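Sequence lines set the chain letters: A, B, ... in the order given, protein chains first and strands last, and positions in each chain run from 1. Below, all heavy atoms of this structure are taken into account, side chains as well, without hydrogens, waters or symmetry copies. Note that the structure is a prediction, hence the values are computed from the model and not measured.
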Number of protein chains: 2
Amino acid sequence: MARNSIEAHEETARWEVQLRKGVLEFAILLTLRGGEHYGFELVTSLTSKARINVPEGTIYPLLLRLAKDGLIKSEMRDGEGGAPRKYYTLTPRGVVLLEAMIPRWKQLSTSVEGLLAGEEND
Amino acid sequence: MARNSIEAHEETARWEVQLRKGVLEFAILLTLRGGEHYGFELVTSLTSKARINVPEGTIYPLLLRLAKDGLIKSEMRDGEGGAPRKYYTLTPRGVVLLEAMIPRWKQLSTSVEGLLAGEEND
DNA sequence: CTTAGGAACCTTGCATGGCAAGGAACTCGA
DNA sequence: TCGAGTTCCTTGCCATGCAAGGTTCCTAAG
């Protein structure tokens, strides 16, 4: 009886992985807009606060890519106990790109909302 | 001077491709919820109405996958002139999955809105 | 000193899926 | 017959999430 919902859950899991592509990059840049963060902090912050699941194997390569693309920059500093931390901040280029992403996201989000509402006009 | 915005546009283009992953599947299922559609019609409908760019090379493999997964089913019928059309409709499984996707989408959308608004609480 | 464990970072290899490009089959009008 | 429009499909490449495993540093217990 609960069969359908279990299967559905497995399939939505695969779907959500795909849905995160692009969203994650956006979410990280948005988070950094609020000030510097280090990698591990982004993992816990996005997972607990924004309810966006972000394993370490995802975020570190992504941060490296964003840094290589010149959108963010990092600075290594010691934290309190544990290994030293790599603090990331947005670069001016990162700010520009983020500003360009925002209307794109809003448009996509609005389009999906329209489909959700079942609009039939064109 | 316009350098930054041009580069930003190129990069957002790549980003948007990734962003569509997952969203497209959702958008197609949502569209089919409103009744049967054939493939080419989905291309033009999503592109013009929902402003979600969907090239043919994207949609046909996607429709085949959705059909293989049993979420949609197709029926070949002649249209008016031109090649015969393949009309797609949701299966009961597709409806179930779609219903499961909706809250997930809303949660993700809400999370991103929260980041956009610059929330700092946790 | 040694061991344990946690914090923080990174790498490898695989699977998924968008999409540009090319092509095929059908219809209809010139 | 020939082109053009409609509709569908396939191939091959590329970007990227992520599970699994590893490294380094620090602190605390034994």
Side-chain angles (χ1 to χ4, degrees), chain A residues 10-29 36-48 52-69 71-72 74-88 104 108, chain B residues 10-29 36-48 52-69 71-72 74-88 104 108:
Chain A
E10 285 168 3
E11 300 213 34
T12 52
R14 191 207 57 197
W15 169 66
E16 286 186 68
V17 167
Q18 300 305 318
L19 192 56
R20 280 190 206 109
K21 299 198 176 191
V23 175
L24 273 185
E25 180 174 336
F26 188 44
I28 286 170
L29 294 178
E36 69 173 14
H37 289 73
Y38 59 95
F40 199 79
E41 184 183 22
L42 286 169
V43 171
T44 55
S45 169
L46 287 174
T47 299
S48 71
I52 301 174
N53 198 44
V54 190
E56 295 176 56
T58 294
I59 208 162
Y60 289 115
L62 177 51
L63 287 171
L64 289 179
R65 180 171 64 76
L66 293 176
K68 199 181 62 178
D69 291 349
L71 307 180
I72 63 179
S74 63
E75 184 196 355
M76 208 71 175
R77 286 206 312 273
D78 283 10
E80 316 116 26
R85 297 164 175 172
K86 206 164 179 177
Y87 286 89
Y88 288 94
R104 299 306 199 133
L108 182 68
Chain B
E10 285 167 4
E11 300 212 34
T12 51
R14 191 205 56 196
W15 170 65
E16 285 185 69
V17 167
Q18 300 305 319
L19 193 55
R20 282 190 204 109
K21 299 199 176 192
V23 174
L24 273 185
E25 180 173 337
F26 188 43
I28 287 170
L29 295 177
E36 68 173 13
H37 290 72
Y38 59 96
F40 200 78
E41 184 184 21
L42 286 170
V43 172
T44 56
S45 169
L46 287 174
T47 298
S48 72
I52 300 174
N53 198 44
V54 190
E56 296 175 54
T58 293
I59 208 163
Y60 290 115
L62 177 51
L63 287 171
L64 291 179
R65 180 171 65 77
L66 293 176
K68 200 181 60 177
D69 291 349
L71 307 180
I72 62 179
S74 63
E75 183 196 356
M76 207 72 175
R77 286 206 312 272
D78 283 8
E80 315 117 27
R85 296 166 176 173
K86 205 165 180 177
Y87 286 87
Y88 288 93
R104 298 306 199 134
L108 182 68

> How many whole angstroms separate atom CG of Leu63(A) from atom P of dC9(C)?
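Atom-to-atom, Leu63(A) to dC9(C), this comes out as 9 Å.
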> Just how far, in rounded Å, is C1' of dC8(D) from CZ of Arg77(B)?
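Interatomic distance, CZ of Arg77(B) to C1' of dC8(D): 16 Å.
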> Check every strand shown and say whether Lys21(A) touches a base, only sugar-phosphate, or nothing at a heavy-atom separation below 4.0 Å.
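Lys21(A): base contact, heavy atoms under 4.0 Å.
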> Run the side chain to side chain contact (heavy atoms under 4.5 Å, CB included) test against Ser45(A) and tell me which residues pass, sequence neighbours left out.
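Checked Ser45(A) against side chain to side chain contact (heavy atoms under 4.5 Å, CB included); matches are Lys49(A).
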> Gln18(B) pairs by side chain to side chain contact (heavy atoms under 4.5 Å, CB included) with which of Arg20(B), Lys21(B), Arg14(B)?
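Between Gln18(B) and the candidates, side chain to side chain contact (heavy atoms under 4.5 Å, CB included) is satisfied uniquely by Lys21(B).
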> If I take atom CE in residue Met76(A) and atom P in nucleotide dT23(D), what distance separates them, rounded to the nearest angstrom?
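Roughly 17 Å, once rounded to whole Å.
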> Quick check for you: to the nearest 0.5 Å, what is the distance between Leu64(A) atom CG and Ser74(A) atom OG?
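If we round to the nearest 0.5 Å, Leu64(A):CG and Ser74(A):OG are 8.5 Å apart.
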> When the distance from NZ of Lys86(A) to C1' of dA7(C) is rounded to whole Å, what number comes out?
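Taking atom C1' of dA7(C) as the reference, NZ of Lys86(A) is at 16 Å.
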> Given dC18(D), is OP1 or OP2 found less than 4.0 Å from the side-chain N or O atoms of Thr58(A)?
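Checking dC18(D) against Thr58(A), a side-chain N or O does come within under 4.0 Å of OP1 or OP2.
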> Given atom CZ of Arg14(B) and atom C1' of dA20(C), what is their separation to the nearest angstrom?
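For the pair Arg14(B) CZ and dA20(C) C1', the rounded distance is 18 Å.
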> Given dG18(C), is OP1 or OP2 found less than 4.0 Å from the side-chain N or O atoms of Arg20(B)?
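Negative; the distance criterion is not met.
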> Among dA19(D), dG17(D), dC8(D), which nucleotide has an atom closest to any side-chain atom of Phe40(B)?
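From the listed options, dC8(D) comes nearest.
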> Where the side chain of Leu64(B) is concerned, which of dT7(D), dC10(C), dC9(D) is the nearest nucleotide?
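The listed nucleotide nearest to Leu64(B)'s side chain is dC9(D).
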> What's Pro84(B) touching, base or sugar-phosphate or nothing? Going by heavy atoms closer than 4.0 Å.
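The residue Pro84(B) makes sugar-phosphate contact but no base contact.
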> On DNA chain C, compare the nucleotides closest to Gln18(A) and Tyr60(A); which residue's is nearer the 5' end?
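So the residue in question is Tyr60(A).
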> Which whole-number value in Å describes the distance from Tyr38(B) OH to dT6(D) P?
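For the pair Tyr38(B) OH and dT6(D) P, the rounded distance is 9 Å.
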> Need one value for Glu56(B): base, sugar-phosphate or nothing, where a base atom within 4.0 Å counts as base even if backbone is also close, heavy atoms only.
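Contact class for Glu56(B): base.
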> Nearest-Å distance, CD (Glu16(B)) to C1' (dT16(D))?
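Rounded to the whole Å, the gap is 17 Å.
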> I'd like to know if the side chain of Thr47(B) and the backbone of Thr44(B) have a donor-acceptor N/O pair within less than 3.5 Å.
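Such a contact is absent between Thr47(B) side chain and Thr44(B) backbone.
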> Once the angle between the rings of Tyr87(A) and Tyr38(A) is folded into 0 to 90°, is it parallel (under 30°), tilted (30 to 60°) or perpendicular (over 60°)?
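Aromatic pair Tyr87(A)/Tyr38(A) classed perpendicular.
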> Could you check how far CG of Leu62(B) sits from P of dC9(D), rounded to whole Å?
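Interatomic distance, CG of Leu62(B) to P of dC9(D): 12 Å.
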> Looking at Arg85(A), does any N or O in its side chain come under 4.0 Å of the phosphate oxygens OP1/OP2 on dC9(C)?
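No, because none of the side-chain N or O atoms of Arg85(A) sits under 4.0 Å from OP1 or OP2 of dC9(C).
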